[in-house]
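Heads up, the thing below is written out as structure tokens.
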Amino acid sequence: MVKQAIIAAGGLGSRFGDRTKEMPKGFIPIDGVPMVERSVQKLIASGVEEIIIGTGHCSEAYDELAKKYSVIKTVKNENYANTSSMGTIAVCAPFIKGDFFLLESDLLYDAVGLKVLANDERENVVLASGATHSDDEVYLENGSDGALCRATKDKASVKNLAGELVGISKLSKACLDEMMAWYKADADRIKADYESVLAEISSAAAFNAKVYVRKIEYYAWTEIDDEAMLKRAVEQIWPRVQENESLWNVRREVLLNPGPSTTTDSVKYAQVVADICPRELEFGNLMEEVAEGLTEVCANPKDYITVMFGCSGTGADEAMVSSCVPPNGKLLVVDNGSYGARLAKIASVYKIDMDVFKSSTYEPIDIAALEKQMQSKKYTTFAIVYHETTTGLLNDLATICPLAKKYGMTTICDIVSAYGGMPIDLGSLGIDFATSTSNKHIGGMAGVGFVVCKREELLKQKDWPMRNYYLNLYDQYKYFLETKQTRFTPPVQTFYALRQAIIETKVETVQKRFERFSACWEILVKALDEMGLKMLVDRKYQSRFITAILIPDTPKYSFNALHDWAKSFGFTIYPGKLGNIDTFRIANMGDIKPREMERFTKVLREYMESIGVASRRANA
């Protein structure tokens, strides 16, 4: 798995003249996006966690780009005017920990090249293409052993042509170390290009790294060094790249149901990996990385740890409830919706001593009454749902959980449909254990349930008798700590997708994600007001993730008809029923964009107009 990349971006771009006088050539836009930024986006979609950009000329532009993408680290080559690409790579080299992609900054290319290199079983591979007729080709030559032995612009001198250099490679840390050893061995090598250095170490007996060439004959790509190349890129190469990459697009279905959520194509494709036994150390390292990433979303990893299971969010709830109430303990559960009721049901199945605090499903909890209940008996454990997915009601855990801690209770919370969608700090909220799943705001695929646990509270369970075998928290934690394995077979491909989802969450940030969901919610609420449709929960108490809408008072309304109408436009919606209150629910979760919510509200309005509910004038 390639987790890092270097983009060599220290050059002057002098062949562009005044165009790059105050701008790096990597910032020349293609279809409105700077080519280096497009490259960053493709690397992120390929699972790269850290992109090290070696800068030089107009380095400030890259520093600004790093503010937009948290995965970017910029390192300036102060001597960029007197060195070539190896000088820039040299300043990036100390930050490389393992396998990495090496790219030039002035490339327009089809993302399939990254996939091909990542999937190549050889450690060190340079990407090549067939003839480009670009008038600036670098030709790669293979030696008798099949490895790279020369990179040259003199085609006539090449004996065994392997292809034309693209400017994208996959290399190992060991290979980089040998490149650096060669480069630093002689001061006269200060202007060496990286491709020549790769050829040198691959062909010289004094070095161990062998570098190979992977050729894609009709690969869509171009380097852009001057105005003629830019014209060719825009008119000939970019249309090919667009067409080729569009073939990978998965049909877009926008899920406005409470989960699973709409996912990015990059998360979907992250599941397509070589088969691996989950008992291999490589996969154990991946699960450890995922667990740390999940913890960082909502808690300080110094104090909290995430325990993962192959299950749904309800499975995680069952693990938490069955594991976190001590022997002879007493549980207090808040039930103000289907998911609070589910926590109580789980406790009853395990015959845990319990009281239930019933509250309105659509109005805020009466804090004074809840505190009175807390005082009435000696409870050991307190359970509540953060965001009640039945209605979209957001419970005030910032007030409630510290109250529970005041009365000596361990706090266990279902944060399934709040986690990753809004800023959460378990420590500040006073939450000891919190459950979520891989398939809601975090944006992964269904199949991994997890509990984020305060470590000191989890360790108290060490000698408690197990109520549950498969879902026992401490047993799962202890086994993973000792072996980097789960006790039972995990959903392997789902973990790869979850890793990608975590990367994309970090790039967007949870705060920005909440702002995106809020924008979608505001578009929806505005449209509902215009149509005269009422919401079940007062808007000031809503999570902004789920909106429960009261069905219109007309016999012409049919949820099935509305569902099928929305589905015909690529939207999936969900019904809702609370006793004798009928609603339908619209979710803002996953990879939903404001423009899609705008489009959905038009679809909803058209249906409501067809049954005589919404005013046509509101749509004018």
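Note that the coordinates shown come from a computational prediction; the quantities given were computed from them, not determined experimentally.
A salt bridge links Glu64 to Lys67: at least one charged side-chain nitrogen sits closer than 4.0 Å to a carboxylate oxygen. The existence of a salt bridge linking Lys268 and Asp265 is confirmed by a sub-4.0 Å separation between a basic side-chain nitrogen and an acidic carboxylate oxygen. A salt bridge links Lys460 to Glu457: one of the charged nitrogens lies within less than 4.0 Å of a carboxylate oxygen. Salt bridge annotation for Asp63-Lys73: absent, with no cationic side-chain nitrogen under 4.0 angstrom from a carboxylate oxygen. The pair Glu530-Lys526 meets the salt-bridge criterion, since a charged nitrogen lies less than 4.0 angstrom from a carboxylate oxygen. With salt bridges taken as basic N to acidic carboxylate O contacts below 4.0 Å, one links Arg251 and Glu253. A salt bridge links Arg252 to Asp591: one of the charged nitrogens lies within less than 4.0 Å of a carboxylate oxygen. Arg342 and Asp317 are not joined by a salt bridge, as no carboxylate oxygen comes within less than 4.0 angstrom of a charged side-chain nitrogen.
Taken to the nearest 0.5 Å, the OG1 atom of Thr583 stands 8.5 Å off from the CD1 atom of Ile551. Between the SG atom in Cys324 and the CD1 atom in Ile352 there is a gap of 9.5 Å [rounded to 0.5 Å]. Rounding to the nearest 0.5 angstrom, the gap separating the OH atom in Tyr541 from the CE atom in Met535 is 13.5 Å. Met589 CE to Arg513 CZ: the interatomic distance, rounded to the nearest 0.5 Å, is 12.0 Å. Taking CG from Leu459 and NZ from Lys478, the interatomic distance works out to 12.0 Å, rounded to the nearest 0.5 Å.
Side-chain contact of Thr381 with Thr410: a donor-acceptor pair under 3.5 Å is absent, judged by distance alone. For the residue pair Glu504 and Ser266, a side-chain donor N or O sits within less than 3.5 Å of a side-chain acceptor on the partner. For the 3.5 Å distance criterion, the side chains of Tyr69 and Gln41 qualify, holding a donor opposite an acceptor. Glu318 and Tyr350 form a side-chain donor-acceptor contact under 3.5 Å, judged by distance and modelled atom types alone. Side-chain contact annotation: Asn439 with Thr437, donor-acceptor N/O pair under 3.5 Å present. Side chain to side chain, Thr391 and Thr361 fail the donor-acceptor criterion of an N or O pair below 3.5 Å.
Nearest approach of Thr411 to Cys401, heavy atoms of both residues: CG2-O, 4.0 Å. Between Met287 and Lys484, the shortest heavy-atom distance links the atoms CE-O, 3.6 Å. Across every non-hydrogen atom of Thr390 and Arg585, the tightest pair is O-CD, 3.1 Å. Here the shortest heavy-atom pairing between Gly310 and Pro491 reads CA-CD, 3.8 Å. Minimum heavy-atom separation, Pro402 to Thr399: CD-O, 3.6 Å. Contact record, Cys520 with Asn588: CB-OD1, 3.6 Å, taken as the closest heavy-atom pair.
Ser323 contributes no side-chain N or O that, together with a main-chain N or O of Met320, makes up a donor-acceptor pair within less than 3.5 Å.
With His387 as reference, Phe545 is the one residue of Phe517, Phe545, Tyr419 to meet the ring-ring contact (aromatic ring centres under 6.0 Å, His included) rule.
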Working for ring-ring contact (aromatic ring centres under 6.0 Å, His included), residues Tyr379 and Tyr407: CA-CA 8 Å; Tyr379 296 105; Tyr407 293 106; 9.9 Å; no

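Ring pair Phe514/His441: centre-to-centre distance not below 6.0 Å. Checked against the 6.0 Å centroid threshold, Tyr386 and Tyr339 do not count as a close aromatic pair. Taking the six-membered ring for Trp and the full ring otherwise, the centers of Phe571 and Phe600 sit less than 6.0 Å from each other. In this structure, Phe488 has its ring center at least 6.0 angstrom away from the ring center of Tyr479.
Using bins of under 30°, 30° to 60° and over 60° for the plane-to-plane angle, the ring pair Phe569/Trp565 lands in the perpendicular bin.
In Glu288, the CD atom is crowded: over 12 heavy atoms of neighbouring residues, nucleotides or ligands sit closer than 6.0 Å. In the displayed structure, Lys512 atom NZ is contacted under 6.0 Å by at most 12 heavy atoms of other residues, nucleotides or ligands.
Within the 4.5 Å cutoff, side-chain heavy atoms of Cys453 are placed close to those of Leu473. Looking only at side-chain heavy atoms (C-beta outward), Ile400 and Leu370 come within less than 4.5 Å of each other. Between Pro301 and Glu292 there is no side-chain heavy-atom pair separated by less than 4.5 Å. Contact annotation: the side chain of Ile431 approaches that of Leu397 to within less than 4.5 Å [non-hydrogen atoms, C-beta and beyond].
Phe433 does not carry Lys454 over the face of its six-membered ring by the limits of under 6.0 Å from the centre and within 45° of the normal. In this structure, Arg487 forms no cation-pi arrangement with Phe309, as its terminal cationic atom is not both closer than 6.0 Å to the ring centre and no more than 45° off the ring axis.
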